Number of protein chains: 2
Amino acid sequence: MNTVEKRPVYLQVRDQLADKIQSGIWLANEKLPAERQLSEQFSITRVTARQALVQLEAEGLIFRSNRRGWFVTPQRINYDPSRDIGFVSYVEEQGFSARTETLSKMLIEVPDWVAEQAGIPEGTPVYEIFRRRYINERPCLIEKIYLNPKNCPGILQHSLDRSLWHLLRTEYKLDPYERHIEIYPQTLEARVADALAVNTGSTGLYIRRLCHDQNGEFLELDEEFWLHNAMKVVVSVTSNG
Amino acid sequence: MNTVEKRPVYLQVRDQLADKIQSGIWLANEKLPAERQLSEQFSITRVTARQALVQLEAEGLIFRSNRRGWFVTPQRINYDPSRDIGFVSYVEEQGFSARTETLSKMLIEVPDWVAEQAGIPEGTPVYEIFRRRYINERPCLIEKIYLNPKNCPGILQHSLDRSLWHLLRTEYKLDPYERHIEIYPQTLEARVADALAVNTGSTGLYIRRLCHDQNGEFLELDEEFWLHNAMKVVVSVTSNG
DNA sequence: CTTTCAATCTGGTATATACCAGATTCTAAA
DNA sequence: TTTAGAATCTGGTATATACCAGATTGAAAG
């Protein structure tokens, strides 16, 4: 590798790899050469090659699949957490395929932190739903949902592999009035990372949505753990005056 | 270091360091021991110690200052990009100090991508303002602002080290009606990273806000590049019905 | 007391090497 | 043809070492 340049070698390698991606030589989801191959091609150590790859991963250009290799990240989808239109149709509108899988659903005692956030008494029963969502068959987010059973008794009997809010609207006549949304980058904890088939500790984007109805009553708390490179949050807000 | 555990050594080290932070033994902005000290303490290589540190950095628990060392990340502030109340007062409400610094301000021909986003003709003149904002004297974000001169002629004559929207409201009677907001994690490009005194390629959070008035006329395009661990986006949305 | 500059401390980058464990592929047996 | 298991490929983790360059510190010179 050229050492005359002042730019560090691993960044030079990064640049060349990034070029191949941005120029379209390597397409979305395509596998990159193995680390050992890259280190040979560029006459660098595997450690240095890895540095370049990790850099590209941080930038969102590539992602890794546990012990299978490195792949080109597909385009980000837009995502509006303030709207409750179906995830699937929303994603499909953007030209991607989407799918939801329910991992678990049960009635539990509300976790303390949820009770605090939702403003309901400790120990209240709530529905807890875990879902995994795919975009183009790639698992992109894990969702943890807490619902107030008062408003939607028996909802666990339904299939939850489709739009939850469609169900809440049609079956239970529920409509969220106010949504409080929090967003920040965070690393994915082991269980979530496993469920998304990425390494523990890889960075993700955390979104929490708390919905109340007109009477200020708690409807839903939704926690989403996204791959950081899978989407772009898009919100439109019209003035309050 | 204990090798009986199945958890990788670098994560065990991570855990012990994280403990010291979360238990409050190490306070916000406190300097961690040097990498070489840590590797000696834990009987590991510096490379492995670094792995633990990089992990903690990704989690937002610590940050680095170029060749000065590693430090404990202070608490995230809340930030609502949909509101236009002054940054400084907003941050101070949360018990932190804040400060804004204008890096440059000029009248330029609108960059093509801005014209496209804003829906104004190519080549139109716009004001371009670069600012740097501090929280507790730590540079936390870089802001690039594009303003429509039609609406706020001569604004560059004013001091821009205070609330821009306060100025726009009081001096020019401007009020944003619709805001289109985009948020996603992204690595910081060299110039931004330098201005924030972090390494090029460190992860950040990108926020773009596009404001129009009631007539659909372009008011402002605001791009913000945040340290990923400095804040938490908080938005409240009331129903559209 | 202040300034200057060298010594030192710290992270940044890079090489060479090794072994492990999950994923994939290939091969030989059923 | 199918299947079980071995060989192989791939990333994951870890050691040992080295040199560079910016930041800080401390001592000597003014």
Side-chain angles (χ1 to χ4, degrees), chain A residues 1-15 17 30-58 62-72 139 187-188 190 193-202, chain B residues 1-15 17 29-58 62-72 139 187-188 190 193-194 196-202:
Chain A
M1 200 61 223
N2 179 7
T3 330
V4 178
E5 291 256 7
K6 44 270 153 202
R7 192 165 166 78
V9 174
Y10 82 95
L11 288 180
Q12 295 178 44
V13 172
R14 182 228 86 101
D15 293 343
L17 299 180
E30 193 169 332
K31 188 177 174 306
L32 271 65
E35 292 178 1
R36 285 170 178 83
Q37 282 179 51
L38 288 173
S39 56
E40 202 179 339
Q41 275 179 37
F42 289 101
S43 306
I44 53 177
T45 10
R46 209 185 122 205
V47 181
T48 306
R50 253 181 104 78
Q51 242 183 313
L53 292 168
V54 168
Q55 177 60 37
L56 285 166
E57 181 191 36
I62 64 175
F63 67 95
R64 56 180 121 183
S65 179
N66 198 4
R67 278 169 234 268
R68 293 200 317 121
W70 298 86
F71 302 84
V72 177
T187 52
L188 303 174
D194 285 350
L196 291 174
V198 296
N199 297 325
T200 303
S202 43
Chain B
M1 201 61 224
N2 178 6
T3 328
V4 178
E5 291 255 8
K6 43 271 152 198
R7 192 163 165 80
V9 174
Y10 83 95
L11 288 179
Q12 294 178 44
V13 172
R14 182 228 87 104
D15 293 343
L17 299 180
N29 295 304
E30 192 170 333
K31 188 177 175 306
L32 272 65
E35 292 178 0
R36 287 170 178 83
Q37 281 178 50
L38 287 174
S39 55
E40 202 179 338
Q41 275 179 37
F42 289 101
S43 305
I44 53 178
T45 13
R46 208 185 124 205
V47 181
T48 306
R50 253 182 103 77
Q51 242 182 313
L53 292 168
V54 168
Q55 177 60 35
L56 285 165
E57 182 191 37
I62 63 175
F63 67 95
R64 54 179 122 181
S65 179
N66 199 1
R67 278 170 234 268
R68 294 202 314 121
W70 297 86
F71 302 84
V72 177
T187 51
L188 303 174
D194 284 350
L196 291 175
V198 297
N199 297 326
T200 303
S202 43

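Keep in mind it's a predicted model, so treat the numbers as computed, not measured. Values below: every heavy atom of this structure, side chains too, minus hydrogens, waters and symmetry copies. Here is how names work: the chains are called A, B, and so on, in the same order as the sequence lines, proteins then strands, and each is numbered from 1.
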[X] has an atom [atom1]; how far is it from atom [atom2] of [N], in whole Å?
{"X": "A:Leu11", "N": "C:dA14", "atom1": "CG", "atom2": "C1'", "value": "13 Å"}
{"X": "B:Asp194", "N": "D:dA23", "atom1": "CG", "atom2": "P", "value": "11 Å"}
{"X": "A:Gln12", "N": "C:dG12", "atom1": "CD", "atom2": "C1'", "value": "15 Å"}
{"X": "B:Tyr10", "N": "D:dG12", "atom1": "OH", "atom2": "P", "value": "9 Å"}
{"X": "B:Phe63", "N": "C:dG12", "atom1": "CZ", "atom2": "P", "value": "13 Å"}
{"X": "A:Ile44", "N": "C:dG12", "atom1": "CD1", "atom2": "C1'", "value": "16 Å"}
{"X": "B:Phe71", "N": "D:dA23", "atom1": "CZ", "atom2": "P", "value": "12 Å"}

Say you draw a straight line from CG of B:Leu32 to CD of B:Gln37; how long is it, rounded to the nearest 0.5 Å?
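Those atoms lie 10.0 Å apart.
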Atom pair OG1 (B:Thr187) and CG (A:Leu56), whose distance is rounded to the nearest 0.5 Å:
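The CG atom of A:Leu56 is 9.0 Å from OG1 of B:Thr187, to the nearest 0.5 Å.
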Identify, with sequence neighbours excluded, every residue that meets salt bridge (charged side-chain N to carboxylate O under 4.0 Å, His left out) alongside A:Asp15.
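Salt bridge (charged side-chain N to carboxylate O under 4.0 Å, His left out) check on A:Asp15 returns A:Arg7.
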In sequence, state the C-alpha distance, the side-chain angles, and the governing distance for A:Glu57 and A:Trp70, and then conclude on side chain to side chain contact (heavy atoms under 4.5 Å, CB included).
CA-CA 9 Å; A:Glu57 181 191 36; A:Trp70 298 86; 4.0 Å; yes
Sole candidate of B:Leu196, B:Asn199, B:Asp194 that passes side-chain contact (heavy atoms from CB on, under 4.5 Å) when paired with B:Leu188:
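Testing B:Leu188 for a side-chain contact (heavy atoms from CB on, under 4.5 Å) against B:Leu196, B:Asn199, B:Asp194 leaves exactly one candidate, B:Leu196.
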Taking only the side-chain nitrogens and oxygens of A:Thr48, find out if one of them lies under 4.0 Å from OP1 or OP2 of C:dT15.
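For C:dT15, OP1 or OP2 has a side-chain N or O of A:Thr48 closer than 4.0 Å.
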Do any N or O atoms of the protein come closer than 3.5 Å to N or O atoms of nucleotides 7-11 of chain C, and which pairs are they?
unit_1, atom_1, unit_2, atom_2, d
C:dG11, OP2, B:Glu35, N, 2.8
C:dG11, N7, B:Arg36, NH1, 2.8
C:dG11, N7, B:Arg46, NH2, 3.4
C:dG11, O6, B:Arg36, NH2, 2.9
C:dG11, N2, B:Arg67, NH1, 2.7

More than 12 foreign heavy atoms under 6.0 Å from CD of A:Glu40: is that the case here?
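Open: at most 12 neighbouring heavy atoms sit under 6.0 Å from CD of A:Glu40.
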